[in-house]
Amino acid sequence: EGFGPQEYTGVKMEALEWSPAAKAAIEGKVGGRKVFLVAATFRPETMYGQTNCFVGNTIKYGVFAINDKEAFLCTERAARNMAFQGTVTPRGNVERLVEIEGSKLIGTRVKAPFSINPEVFVLPMDGVLATKGTGVVTSVPSDSPDDYQTLMDLRKKPEFYKIEPAWAAIDPVPVIVTPTYGDLAAPAIVKALKIQSQKDTKQLAEAKDIAYKEGFYNGTMLVGEFKGETVQEAKGKVRESMLKEGVAFAYAE
Ligand code: A2H
């Protein structure tokens, strides 16, 4: 990883139907604001392939006032950063409306902007770090080995992970084609490296590196407004398009 601030795209995933535990904790406490789970991504061009959203079961999240109309669900650390990046009105304001543990969010239905599957569910991922991004990760199993392997783990053992199989039912969607790995790079690389579970963190780090380089340098868009363009060309354009539509914002840390 480089030096200096990382420039993420903050993707706004509007909460459409809370899980019962989240509903009990949040309803009536947000002053009528729309609540968005905000996911931090480095790969905005893959957002067409979102199939679910990940949080960490044991991570502490908050619902923070962004202005009079909107509130963001993320870690307090991220809300603090956003407050000084022009995202929050008034600037510098960190107003936590609700505190909630990740496990309570599982099963919440959210909007996935730009995705071919416009509504997805919140699921648990072991590897979500509280110290990075917003603590919310949008899942693109076609192009992220971590996302793909976690989705497979959840499908294998839904009772163990305390999820309904229906929440993990959306299959990976082809978004980018590359010469070496076809139109579903992450599943192909996970298979090639014989990765068995999300606990294979060393091999997953290698898979992530391969998938990122292959997609960035050799990938072509299969869907969306920039279909047929290279990933290098499309990456910034998809991001701009999301910012313009108000479904994403710039987030740095
Ligand atoms: B990426 P960095 Cl398709 N904990 O978005 C763990 N992972 C996190 C996180 C956290 N708190 N916050 C963000 N991330 C993930 C898409 C994607 C991502 C694809 C392929 C690779 C990829 C869809 N998930 O990341 O360098 C987010 O997942 C691999 C680099 O570790 C974010 O971008 O800070 C990425 O990690 C940030 O990576």
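Along the sequence shown, residues are numbered consecutively beginning with 1. Start at 1 and go down the list; that is how both ligands and their atoms are numbered.
- Here Lys235 pairs with Glu45 in a salt bridge; the nearest charged N to carboxylate O distance falls below 4.0 Å.
- Distance check, rounded to the nearest 0.5 Å: CG of Asp146 to OG1 of Thr150 gives 6.0 Å.
- At under 3.5 Å, a nitrogen or oxygen of Phe42, whether backbone or side chain, sits near a nitrogen or oxygen of ligand 1.
- Checking Val137, Ile59, Thr150, Asp146 against atom 9 (C) of ligand 1, the nearest heavy atom belongs to Val137.
- The backbone N or O of Arg77 sits nowhere less than 3.5 Å from a side-chain atom of Arg80 that would complete a donor-acceptor pair.
- Atoms of ligand 1 found under 4.0 Å from any heavy atom of Thr138 (numbered from 1 in listed order, with element): 23 (C), 24 (N).
- Here the shortest heavy-atom distance to atom 24 (N) of ligand 1, taken over Asp147, Val140, Val175, belongs to Asp147.
- Atoms of ligand 1 lying under 4.0 Å from at least one heavy atom of Gly127, given by number and element, are 4 (N), 6 (C).
- Counting heavy atoms under 4.0 Å from ligand 1, residue Tyr8 touches it through the side chain alone.
- Near Thr46, with a cut-off below 4.0 Å to any heavy atom, the atoms of ligand 1 are 3 (Cl).
- The closest side-chain heavy-atom distance from Leu243 to Arg239 is below 4.5 Å.
- Residues in residues 231-253 take part in these ring-ring contact (aromatic ring centres under 6.0 Å, His included) pairs, two or more places apart or across chains: Phe72-Phe249.
- A donor atom on one side chain and an acceptor atom on the other are found under 3.5 Å apart for Asn52 and Ser139.
- Checked by distance only, ligand 1 and Val128 stay at 3.5 Å or farther apart across all their nitrogen or oxygen atoms.
- With contacts defined as side-chain heavy-atom distances shorter than 4.5 Å, the pair Arg96/Phe64 qualifies.
- Residue contact check: Lys208 has heavy atoms under 4.0 Å from atoms 29 (C), 31 (O) of ligand 1.
- Distance check: Ile170 CD1 to Ile116 CD1 gives 11.0 Å after rounding to the nearest 0.5 Å.
- With 3.5 Å as the limit, one finds no donor-acceptor pair spanning the side chains of Asn81 and Gln85.
- Against a heavy-atom cut-off of under 4.0 Å, Ala40 is close to the following atoms of ligand 1: 13 (C), 27 (C), 32 (C).
- Counting atoms of ligand 1 from 1 in the listed order, those under 4.0 Å from a heavy atom of Asp143 are 3 (Cl), 20 (C).
- For the ligand labelled ligand 1, residue Arg43 lies inside the 4.0 Å heavy-atom shell.
- Remark: ligand 1 atoms within the under-4.0 Å shell around heavy atoms of Thr41 are 1 (B), 5 (O), 16 (C), 32 (C), 33 (O).
- Taking each of Val55, Asp126, Leu129 in turn, the one with a heavy atom nearest to atom 10 (C) of ligand 1 proves to be Leu129.
- Near Ser144, with a cut-off below 4.0 Å to any heavy atom, the atoms of ligand 1 are 3 (Cl), 19 (C), 20 (C).
- At least one donor-acceptor pair closer than 3.5 Å links the side chain of Asp200 to the backbone N or O of Gln196.
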